[in-house]
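Every heavy atom of this structure was used, including side-chain atoms; hydrogens, water molecules and symmetry mates were not. Computed from a predicted model, the values in this text were never measured in an experiment. Just so we're on the same page: letters track the sequence lines, and every chain starts at 1.
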Amino acid sequence: MYRKPLFKNIFYMIIPIAVISSILIFLLLVTMKLEKSIESKIFEISTSDVFSITHNSATYIETLLKDHPNFPEDIKKNSFLQRKIEESLKTLLTPHIKYAYLLYRDNRGVFRFLSDASIHEEKAFIDQKLDVDSPEWLQIYDTKEPLIIRHTLLQQLSISYLVPILNQGNVELILAIDFSVHKIEEINNIIHTIQNGIMGVISVIFAILVFVIIQTRHFSAVKKSAFIDKLTNVYNRNYLQKYEDFINLDDYIVATLDIDYFKKINDTYGHDIGDQVLKQIANTILLTIRHKDDIVIRYGGEEFLILAKTRRDGYLVALNVIERIFYAIQENTFYISPEESINATVSIGVNLIPHKSRTFQEAFKLADIALYNAKTKGRNKIEIYDENENTQNNISMSLNEIKEAIEEHRIHCYYQKIMHTQTQELSHYEALLRIIDKNGKVVLPDRILPTIKGTFILRNITKEVLGICYQQLRQHPMVSISINLNPHDVIDESILAILKAYAKEENIAPRLGLEIIETEDLTSRMDAKSNLLMLKNLGYTIYIDDFGSGYSNFIYLTEIKTDYIKIDGTIIQKILDDKISFLLVKNIVAFAKEAHIKVIAEYVSDAMIYEMVKSLGIEYAQGVFFATPSPVIDA
Amino acid sequence: MRILILLLTLLSFLVAENYTFLVQPYSKEIELEAKIIAEIANASLHSKIRLFIPHMTEMEEKVYSKYFILSPKCETANFVFVNKNIEKEALCDNENRLFFTNNYRKLLSDEKYFGALFWNKSRPNIVFIHKRLEQKAIELPKTFDQFVENF
């Protein structure tokens with residue numbers, strides 16, 4: 001997808017081109033002016049002496065004729081004058097001055113010779129007429145000033161220089177000299193040399209300009225390709241990183257889009273098909289957005305960020321774009337082979353008020369919270385960020401903060417004792433996730449898990465916790481620890497590989513308990529069931545966590561042969577006041593005894609609850625009544 | 001590549017003057033001369049012009065044939081343009097034909113010619129002699145008045 005960025009960077013390319021073009025045009029104009037100036041200067045230098053001599057000659061003739069009332073008639077009659085004038089004219093002839101002659105204009109307005117410096121055949125007779133080639137000749141009678149006439153049609157002559165000879169204030173005679181073309185050819189040669197030099201310089205500058213433009217375009221193309229995701233043809237994360245500070249939050253609404261159950265597509269059909277589906281969905285998004293206004297960025301595996309441009313009258317048009325994307329994907333079918341296609345849905349979180357955020361990252365995070373809400377509400381939804389609803393979520397850690405914590409080894413475990421109810425002796429510990437934030441404060445899971453739920457970060461956290469607990473088990477050979485696993489962890493090959501490796505070591509697996517929340521995801525998947533059995537066979541103790549809180553399947557408990565069930569803390573907390581809770585716990589315990597499953601009660605916060613738990617025959621208990629979670633194990 | 005071709009094309013146009021050798025040398029000057037002679041001949045004679053030029057060159061033949069019917073002999077022509085040095089005797093008489101020359105001195109010295117087109121100070125000059133025009137009963141248009149001399 002190639003679209004003009006809405007940001008200021010476009011000027012970085014245009015400005016140098018504009019500057020270079022302006023310089024070039026300026027240079028061209030200066031060069032043209034310079035050329036004219038040089039030509040005129042060379043002409044002036046090379047002719048000034050000749051003009052000066054011609055003036056002297058004219059002055060001499062004027063002096064000769066000063067006592068004569070009628071110049072033409074007197075010259076015609078006076079051979080002495082003729083000779084003197086001719087001698088004077090002859091002094092003007094040079095290799096470059098081809099002709100020098102004296103003219104008058106008769107009553108009919110015809111120019112006629114009075115004297116001519118030429119010799120032999122070329123010499124004109126007295127009174128012979130001269131057909132002048134230009135009406136410019138007549139100007140001298142008005143201006144009474146010397147006149148330069150440039151010849152463009154005559155092949156032999158380049159310019160003529162006419163000097164008026166006045167009699168009583170009127171132009172009576174004209175002293176004319178004609179320059180041969182050689183003179184001008186010489187001048188032109190010099191000018192041509194200069195011209196060629198200037199043309200050469202301009203050509204070089206032009207070539208450099210072309211080169212700069214080509215390079216700039218090339219650089220721009222390379223830069224663009226660096227910002228485009230090759231698979232989906234939308235902008236990639238680099239683009240976001242580069243331009244997020246330039247995005248005007250007043251102009252857009254921010255939406256985050258996640259493809260529902262995309263992992264299933266990848267797991268079922270393979271990554272190649274997954275990529276194909278991703279590509280088709282991205283294409284559907286591109287076909288739906290307004291190309292001049294909206295921006296699509298792939299910021300994660302199957303996650304897209306959409307910036308839809310708002311109008312002056314509000315965000316409804318922009319929101320409509322998001323809805324169109326949602327329904328377009330919902331109604332579309334995506335080919336996984338030439339014959340087969342599948343349907344896909346997406347969850348979208350929208351932040352309609354990005355302008356209230358200080359940074360783009362903040363606005364993005366709010367859209368991400370809305371996306372999380374859409375996913376927790378069952379997916380295939382558009383969820384608008386609600387400021388009030390998500391106040392609590394606002395204090396959740398961001399993905400980046402969690403990633404940084406992993407990289408900087410700020411993932412820790414706190415350990416809570418699980419006691420034998422009857423003896424109040426320690427049975428084992430439950431490892432609880434904690435992150436130490438940059439200010440050194442301890443962050444609890446309720447501020448961590450909502451952000452990373454369903455992401456690969458959660459798996460990384462599980463691996464970190466596994467590693468920490470493994471070290472603890474090695475340091476304390478008499479201690480057992482249970483850890484919490486997400487249902488997805490049970491089907492994750494990398495986590496299974498770690499657990500298999502630990503099981504090979506002596507006295508690790510029997511002391512490591514795996515607490516898994518029972519969900520539909522877990523119970524419906526055959527591979528999850530078989531993996532749990534495999535882990536049990538490796539020696540691990542299996543716990544079903546938060547039993548009774550949601551999807552409680554008694555048959556499943558027997559199928560996976562769990563060792564422990566942990567009754568959900570919220571039920572235990574109400575056990576004294578709520579009869580249903582009491583009956584529920586009583587029946588779970590009865591069933592567990594029949595099935596030879598041990599029971600643990602969570603959230604045992606005071607003596608009364610402890611006494612009730614004990615009276616119901618629950619074997620194990622944990623809670624602040626016994627101990628708060630501690631960063632160290634009391635071995 | 002396109003830019004290079006464009007530059008070369010522009011360059012070749014800039015130096016196009018140097019390629020005039022492709023055109024026949026001097027044909028421009030002869031062309032101008034032929035046009036003026038055609039103008040004069042048509043103004044002087046009101047019948048079909050049959051031109052004779054003694055010792056006509058190939059170039060002249062090529063150019064003049066565009067404006068005239070060329071006559072191979074002086075006798076069969078009604079307009080003779082003498083533009084080379086040639087003995088008087090080599091030419092036919094001026095009965096029933098007009099003689100024109102490119103030499104001012106020849107015009108002055110030989111009454112056979114009623115006018116001349118010649119280069120004076122590298123400028124084309126035309127001269128008709130009034131008396132000879134009358135003798136031949138040639139009536140030129142008013143525009144030719146500036147070229148008529150009363151000797």
Side-chain angles (χ1 to χ4, degrees), chain A residues 97-103 105-113 116-118 120-125 127-135 137 149 151 153-160 176-182 185 188 192 195-196 198-200 202-204 206-207 209-211 213-214, chain B residues 1-18 20 23 25-33 35-36 39-40 84-85 101-109 115-130 142-151:
Chain A
I97 298 176
K98 203 169 180 188
Y99 307 116
Y101 45 92
L102 189 67
L103 298 169
R105 202 160 163 239
D106 70 5
N107 297 334
R108 288 165 60 201
V110 175
F111 286 96
R112 293 186 184 278
F113 288 95
D116 183 6
S118 302
H120 307 306
E121 288 283 308
E122 281 195 307
K123 189 175 180 65
F125 299 110
D127 259 345
Q128 183 181 334
K129 80 176 175 74
L130 174 71
D131 295 339
V132 295
D133 49 292
S134 162
W137 282 68
I149 297 171
H151 302 292
L153 297 170
L154 301 179
Q155 291 201 344
Q156 301 288 319
L157 302 180
S158 53
I159 56 167
S160 293
I177 55 170
D178 291 331
F179 284 78
S180 73
V181 284
H182 305 301
E185 269 173 6
N188 284 345
H192 277 151
Q195 268 180 342
N196 290 339
I198 291 168
M199 280 302 290
I202 289 175
S203 302
V204 169
F206 183 73
L209 184 68
V210 169
F211 179 76
I213 291 170
I214 290 169
Chain B
M1 193 60 195
R2 272 182 293 178
I3 291 164
L4 189 68
I5 291 168
L6 187 71
L7 281 175
L8 286 173
T9 312
L10 282 173
L11 205 64
S12 60
F13 274 123
L14 286 173
V15 293
E17 266 185 1
N18 297 345
T20 47
V23 183
Y26 308 117
S27 68
K28 280 184 198 170
E29 207 169 308
I30 296 171
E31 189 88 34
L32 175 68
E33 190 184 76
K35 276 183 190 169
I36 297 170
E39 194 82 13
I40 292 166
K84 296 169 193 75
N85 281 329
T101 181
N102 72 339
N103 188 311
Y104 184 63
R105 287 168 196 276
K106 206 178 272 182
L107 173 73
L108 296 179
S109 61
L117 162 66
F118 59 97
W119 293 88
N120 185 10
K121 301 287 173 279
S122 297
R123 298 170 176 87
N125 271 242
I126 300 167
V127 176
F128 297 102
I129 296 177
H130 183 68
K142 282 277 175 201
T143 49
F144 283 70
D145 281 359
Q146 57 175 315
F147 305 120
V148 179
E149 291 280 65
N150 279 310
F151 293 138

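- If you tally non-hydrogen atom pairs under 4.5 Å between each of A/Leu130, A/Val110, A/Val132 and chain B, the highest count goes to A/Leu130.
- Salt bridge annotation for A/Lys129-A/Asp106: absent, with no cationic side-chain nitrogen under 4.0 angstrom from a carboxylate oxygen.
- Within 6.0 Å of CG on B/Asp145 lie more than 12 heavy atoms contributed by other residues, nucleotides or ligands.
- Open room surrounds CZ on A/Phe206; 12 or fewer heavy atoms of other groups in view lie less than 6.0 Å from it.
- Only the side chain of B/Leu108 has a heavy atom closer than 4.5 Å to any heavy atom of chain A.
- For a residue to count as touching a neighbouring chain, one of its non-hydrogen atoms must lie under 4.5 Å from one of that chain's; by this rule A/Ser118 touches chain B with the side chain only.
- Applying the ring pair (Phe, Tyr, Trp, His ring centres under 6.0 Å) test to A/Trp137 and every residue at least two apart in sequence or in another chain returns A/Phe111.
- Residues passing the ring pair (Phe, Tyr, Trp, His ring centres under 6.0 Å) test with A/Tyr101, sequence neighbours excluded: A/Phe113.
- Proximity to chain A involves both the backbone and the side chain of B/Phe147, based on heavy atoms less than 4.5 angstrom apart.
- Of the atoms belonging to A/Ser160, it is side-chain heavy atoms, and not backbone ones, that fall under 4.5 Å from chain B.
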